[in-house]
Chemist: 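Let me begin by handing over the structure; questions about it come next.
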2 protein chains.
Amino acid sequence: MKKINALESDFDFKNCPVRKVLDRFGDKWSLLVLLILGKKETLRFNEINKAIGSDISQKMLTVTLRTLEADGFLIRTIYPEVPPRVEYTITNLGKSLVPLIDNLEQWAKSNMSAIEKSRDNFVKV
Amino acid sequence: MKKINALESDFDFKNCPVRKVLDRFGDKWSLLVLLILGKKETLRFNEINKAIGSDISQKMLTVTLRTLEADGFLIRTIYPEVPPRVEYTITNLGKSLVPLIDNLEQWAKSNMSAIEKSRDNFVKV
DNA sequence: CCGTATCCGCCTCGATACTG
DNA sequence: CAGTATCGAGGCGGATACGG
């Protein structure tokens, strides 16, 4: 249905991979959880909770973990004990994302303060 | 105000750089605009609009461009002509992000279909 | 051509209460 | 301990109409 103007050489952003990544990881907690599991490999629910620092609600942590599990970024193992024990282990797929997050982190550390300064000045003008 | 338990070795996610990046670029259009400008260096408003493919509203493109300008990712040049001409040029700061986006793009191309398949199966169970 | 202004739906996220 | 269920606020983004 889309007319491609040869002179415009339209990019293909209909199934843009970058867009897909943002749609999955642009949420508030997924990448943080992956980073944490990337360092510890396997953690229990409450350990992840404490690692984040109790800024996250129980509900959101549950939702985030379920979504990551559904996508194949971690494995959820339930031990039928009392009290219950549930462990989350990062997969190879999950690990493959960690270096990219590290890159983002490095970039942010190098540039983010300059960006924030720029934005502050811009608002004032 | 925060109690650090030595045994927990809490991560520092209060000013987490990754979180800052997501807060700035987790929106719908910023990275796409940067990618486009990364390829063409300088473009007019309507050229960017057409490159995206008219999925974006005029309002959102304006907001996105202003935010990117405020952050120092691009320069906005207004030519006092009739009809008006406005050109957007990517800065070095903007260019520095492009390789990272490319990395994300490559990762997505390699893994996103498997992820979507995993998610579909998960929902069905 | 390049915007601004306004209104409004949706969807994420947080707070709270309850459970096996 | 590790969830589930429900409600509600807030903000992003789309539609539309208008302006220099």
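Please read all numbers here as calculations on a predicted model, not as lab measurements. Every chain is numbered from 1, with letters handed out A, B, ... down the list of sequences.
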Chemist: To the nearest Å, how far apart are B:Asp23 CG and C:dT12 C1'?
Modeler: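 My rounded result for the distance is 13 Å.
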Chemist: Let me confirm one number: the CD1-CG distance from A:Ile52 to A:Leu32, rounded to the nearest 0.5 Å.
Modeler: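 So the gap between those two atoms works out to 6.0 Å.
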Chemist: State whether B:Lys20 and A:Glu105 are salt-bridged, where the test is any N-O pair (Lys NZ or Arg NE/NH1/NH2 against Asp/Glu carboxylate O) under 4.0 Å.
Modeler: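 No, this pair does not count.
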Chemist: Relative to the 5' end of DNA chain D, which residue comes earlier, B:Gly26 or A:Thr62, by the nucleotide with the nearest heavy atom?
Modeler: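 The 5'-side residue here is A:Thr62.
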Chemist: Through what angle, rounded to 10 degrees, does the axis of the helix from C:dC1-D:dG20 to C:dG20-D:dC1 turn between its ends, using five pairs per end?
Modeler: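 Nearest ten degrees gives 50° for this helix.
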Chemist: May I ask you to test the A:Thr77-A:Val86 pair for a side-chain heavy-atom distance under 4.5 Å?
Modeler: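 Heavy-atom side-chain distance check fails, nothing below 4.5 Å.
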Chemist: For B:Phe73, check ring pair (Phe, Tyr, Trp, His ring centres under 6.0 Å) against everything at least two apart and list the hits.
Modeler: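 B:Phe73: ring pair (Phe, Tyr, Trp, His ring centres under 6.0 Å) contacts with B:Phe25.
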Chemist: Would you call B:Arg66 and B:Arg76 a side-chain contact if the rule is heavy atoms closer than 4.5 Å?
Modeler: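 Yes, their side chains come closer than 4.5 Å.
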Chemist: Grab the CD-P distance between A:Glu69 and D:dA2 for me, whole Å please.
Modeler: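 The distance from CD of A:Glu69 to P of D:dA2 comes to 15 Å, rounded to the nearest Å.
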Chemist: Going by atom types alone, do B:Asp27 and B:Ser30 pair a side-chain donor with an acceptor below 3.5 Å?
Modeler: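 Judged by distance alone, the side chains do pair up.
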Chemist: Are A:Tyr88 and D:dC1 close enough that a side-chain N or O sits under 4.0 Å from OP1 or OP2?
Modeler: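 Checking D:dC1 against A:Tyr88, no side-chain N or O comes under 4.0 Å of OP1 or OP2.
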Chemist: Quickly work out the A:Arg76 CZ to D:dG3 C1' distance and round it to whole Å.
Modeler: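 So the CZ-C1' distance, A:Arg76 to D:dG3, works out to 8 Å.
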Chemist: Expressed as a whole number of angstroms, how long is the span from A:Asn49:CG to D:dA2:P?
Modeler: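 Distance check: A:Asn49 CG to D:dA2 P gives 9 Å.
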Chemist: Mind calculating the distance between CD (B:Glu81) and P (C:dC2) to the nearest angstrom?
Modeler: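 One finds 10 Å between P of C:dC2 and CD of B:Glu81, rounded.
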Chemist: Without decimals, in angstroms, what is the distance between B:Leu65 CG and C:dT4 P?
Modeler: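 The answer, rounded to whole Å, is 10 Å.
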Chemist: With a cut-off of under 6.0 Å to the ring centre and 45° to the axis, is A:Arg85 in cation-pi contact with A:Tyr79?
Modeler: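 Flagged: A:Arg85 positioned over aromatic ring of A:Tyr79.
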Chemist: What is the separation between atom CG on A:Leu22 and atom C1' on D:dG13, rounded to the nearest whole Å?
Modeler: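 My rounded result for the distance is 15 Å.
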Chemist: Rounded to whole Å, please give me the gap between CG in B:Leu61 and C1' in D:dA15.
Modeler: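 These atoms are roughly 16 Å apart.
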Chemist: Report yes or no: does B:Ser118 contribute a side-chain atom to a donor-acceptor pair with the main-chain N or O of B:Ala114 at less than 3.5 Å?
Modeler: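 Between the backbone of B:Ala114 and the side chain of B:Ser118 there is no qualifying donor-acceptor contact (under 3.5 Å).
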Chemist: Mark yes or no for whether B:Thr62, through its side chain, and B:Gln58, through its backbone, hold a donor-acceptor pair below 3.5 Å.
Modeler: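 Here the side-chain-to-backbone pair exists.
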Chemist: Walk along nucleotides 14-20 of chain C from 5' to 3' and tag each nucleotide B, S or - by protein heavy-atom contact under 4.0 Å, base first, then sugar-phosphate.
Modeler: BB----B
Chemist: Quick check on C:dC1: is either OP1 or OP2 less than 4.0 Å from any side-chain nitrogen or oxygen of B:Arg44?
Modeler: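 For C:dC1, OP1/OP2 do not have a side-chain N/O of B:Arg44 under 4.0 Å.
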Chemist: Can you identify which nucleotide, out of D:dT4, C:dC1, C:dT4, has its nearest atom closest to the B:Asn46 side chain?
Modeler: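 Output: C:dC1.
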